[in-house]
Each structure stands twice: as C-alpha cells, then as structure tokens.
Asker: 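Dumping the structure here so I can ask a few things about it.
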Amino acid sequence: MLSWHEVQMKDAGLLAYFPCEPDVAQRKVDFGMEQGPVTVNMMGCDAVDSTYAVSHWLLDDAREADDALAFWEAAVLTKLNAVDSAEGKSGAPFVPAGAMNLPRSIRATVQGVGPSGWTVTTHGVWFARKEGRKARIYHAVIYAPASQHKVASQFFKGLVLQNE
C-alpha cells in the first residue's frame with residue numbers, strides 16, 4: 001500500500017502527490033531543439049520497485065511548446081527503445097486544468113528497456129503551461145517492472161497546476 005503525500009513544487013507552480021519522499025536534482029539536457037540545452041528541474045523517488053518523477057523546464061517561446069513536448073517525448077521513448085504496451089495505446093490527451101491545450105499534451109504507456117537492461121513499463125504524461133511569452137514544459141513518469149495503470153492514474157490526477 002502506497003502512502004501518498006503532497007509536495008509543492010513552487011518553482012514549477014505545481015502540486016504533486018508522491019508515494020515516497022522525493023529527491024531534487026537539476027541538469028542541462030539537450031533535446032535537439034533550436035533553443036539548445038535547457039536546465040531541467042527534477043523531483044523523484046523510488047517506492048515498491050518503481051520510480052516516480054516529475055520534471056520541468058522553461059521554454060523561451062510559448063509558440064514552440066507543442067514542438068518542445070514532441071522533442072521531450074521522443075527523447076524519453078527513444079532512450080527506452082519503447083513500444084506501445086499491450087495494455088494501452090500511447091497518445092491519449094492529457095491536459096490538466098490551467099495547461100495549454102496542445103496536440104502533444106498526452107499520456108502514454110509504453111514498454112521498453114531500462115538502463116540495467118530489464119524490461120520496464122513506463123507511464124508518462126507531457127504537458128505545458130504559458131508563463132507570459134514563455135512556457136513551462138512538464139513531464140511526469142512512473143518507471144515500473146509491470147503495468148501500474150491504477151497507480152499511474154492516481155499519480156497523474158494528483159498533478160495540479162497552481163495559480164501563478
């Protein structure tokens with residue numbers, strides 16, 4: 001049984017619920033976009049053989065938000081050599097209240113190969129929110145040894161954009 005607790009991600013304007021005490025990290029990532037490397041802020045933890053994480057970064061031009069989501073999705077899925085899982089098709093819309101309504105704002109469930117060579121099921125969402133002329137790009141994910149649809153739904157429903 002997971003014990004969920006509220007975590008305020010003040011720098012992201014996001015409320016999230018994690019089943020464990022998350023660690024915080026930051027790193028430069030190049031998604032292959034014209035903007036070049038961006039600073040990605042991450043929060044994540046491990047619970048019951050699964051990793052839970054939420055990441056975000058600021059895009060200079062909100063008009064490029066849909067493309068940014070596509071680049072980030074491609075980077076994650078390519079790294080895992082991912083394919084749609086048997087239980088779920090990728091690409092269902094995922095637009096939390098306050099998020100930009102974009103074609104690439106989606107929820108996906110895929111199977112792939114993790115860093116240690118084991119098969120991993122990945123439940124992920126990607127979405128964006130305007131911040132003036134910029135956009136904050138978000139990704140939340142669960143990496144698990146098997147499908148965790150109910151847990152993933154609970155995790156993703158707990159992502160709430162806060163008023164700026």
Asker: Of all heavy-atom pairs between Ser50 and Pro145, which one has the smallest distance, and what is that distance?
Answerer: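 What the structure gives for the nearest pair is OG-CD, 4.0 Å.
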
Asker: Counting only N and O atoms by type, is there a donor-acceptor contact under 3.5 Å from the side chain of Ser153 to the main-chain atoms of His149?
Answerer: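 The answer is yes, because a donor-acceptor pair under 3.5 Å joins these two groups.
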
Asker: Can you list every side-chain hydrogen bond (donor to acceptor under 3.5 Å, both in side chains) pair that touches residues 28-37, not counting sequence neighbours?
Answerer: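 Checked against side-chain hydrogen bond (donor to acceptor under 3.5 Å, both in side chains) - neighbours excluded - the pairs reaching residues 28-37 are Lys28-Thr39.
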
Asker: Any side-chain heavy-atom pair from Val110 and Thr121 closer than 4.5 angstrom?
Answerer: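 Val110 vs Thr121: side chains apart.
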
Asker: Does the side chain of His5 reach to within under 4.5 Å of the side chain of Glu21, using non-hydrogen atoms?
Answerer: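 They are in side-chain contact.
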
Asker: CZ of Phe71 to CD1 of Ile137: how many Å apart, nearest 0.5 Å?
Answerer: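 That separation rounds to 12.0 Å.
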
Asker: Shortest non-hydrogen contact from Pro22 to Cys45?
Answerer: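 Nearest heavy atoms, Pro22 then Cys45: CA-CB, 3.7 Å.
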
Asker: Without swapping roles, check the side chain of Asn41 against the backbone of Gln26 for a donor-acceptor pair under 3.5 Å.
Answerer: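 No, Asn41 side chain to Gln26 backbone: no donor-acceptor pair under 3.5 Å.
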
Asker: Following the transitive rule for hydrophobic clusters with a side-chain heavy-atom cut-off under 4.5 Å over Ile, Leu, Val, Met, Phe, Trp and Tyr, establish whether Val95 and Leu69 coincide in one cluster.
Answerer: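 Val95 does not cluster with Leu69.
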
Asker: Only counting residues at least two apart or in another chain, list the ones meeting ring pair (Phe, Tyr, Trp, His ring centres under 6.0 Å) with His139.
Answerer: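 Trp72, Trp126.
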
Asker: For a 4.5 angstrom cut-off between non-hydrogen side-chain atoms, does Arg136 reach Lys130?
Answerer: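 No, their side chains stay 4.5 Å or more apart.
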
Asker: Tell me, with the steps shown, if Lys10 and Gln162 meet side chain to side chain contact (heavy atoms under 4.5 Å, CB included).
Answerer: CA-CA 9 Å; Lys10 292 185 190 322; Gln162 305 290 287; over 6 Å; no

Asker: Any chance you could pull the hydrophobic cluster mates of Leu15, using side-chain heavy atoms under 4.5 angstrom and chaining through other members?
Answerer: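 Via sub-4.5 Å side-chain contacts, Leu15 links to Leu2, Trp4, Val7, Met9, Leu14, Tyr17, Phe18, Val24, Met43, Val48, Tyr52, Val54, Phe94, Val125, Phe127, Tyr138, Ile142, Val151, Phe155, Phe156, Leu159, Val160, Leu161.
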
Asker: Do Tyr143 and Trp118 have their ring centres less than 6.0 Å from each other?
Answerer: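 Distance test on ring centres: not under 6.0 Å, no.
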
Asker: Can you find a heavy atom in the side chain of Pro103 that is under 4.5 Å from one in the side chain of Pro93?
Answerer: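 Answer no - side chains too far apart.
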
Asker: Donor-acceptor check, side chain of His123 to backbone of Ala108, threshold 3.5 angstrom: yes or no?
Answerer: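 It does not hold such a pair.
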
Asker: Which atom pair, heavy atoms only, marks the closest approach of Ser55 to Met42?
Answerer: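 So the minimum-distance heavy-atom pair works out to OG-CG, 3.3 Å.
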
Asker: Can you find a pair of side-chain heavy atoms, one from Leu59 and one from Lys134, that are under 4.5 Å apart?
Answerer: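 With C-beta onward as the side chain, the pair stays apart.
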
Asker: Using a 4.5 Å cut-off on heavy atoms from C-beta on, say whether the side chain of Asp61 contacts that of Arg133.
Answerer: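 No - every pair of side-chain heavy atoms lies 4.5 Å or more apart.
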
Asker: Measuring from Met100:CE to Arg63:CZ, what's the distance to the nearest 0.5 Å?
Answerer: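 Between Met100 CE and Arg63 CZ, I get 11.0 Å after rounding to 0.5 Å.
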
Asker: Using side-chain heavy atoms (C-beta onward) and a distance below 4.5 Å, is Leu58 in contact with Glu131?
Answerer: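 Yes, side chains in contact.
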
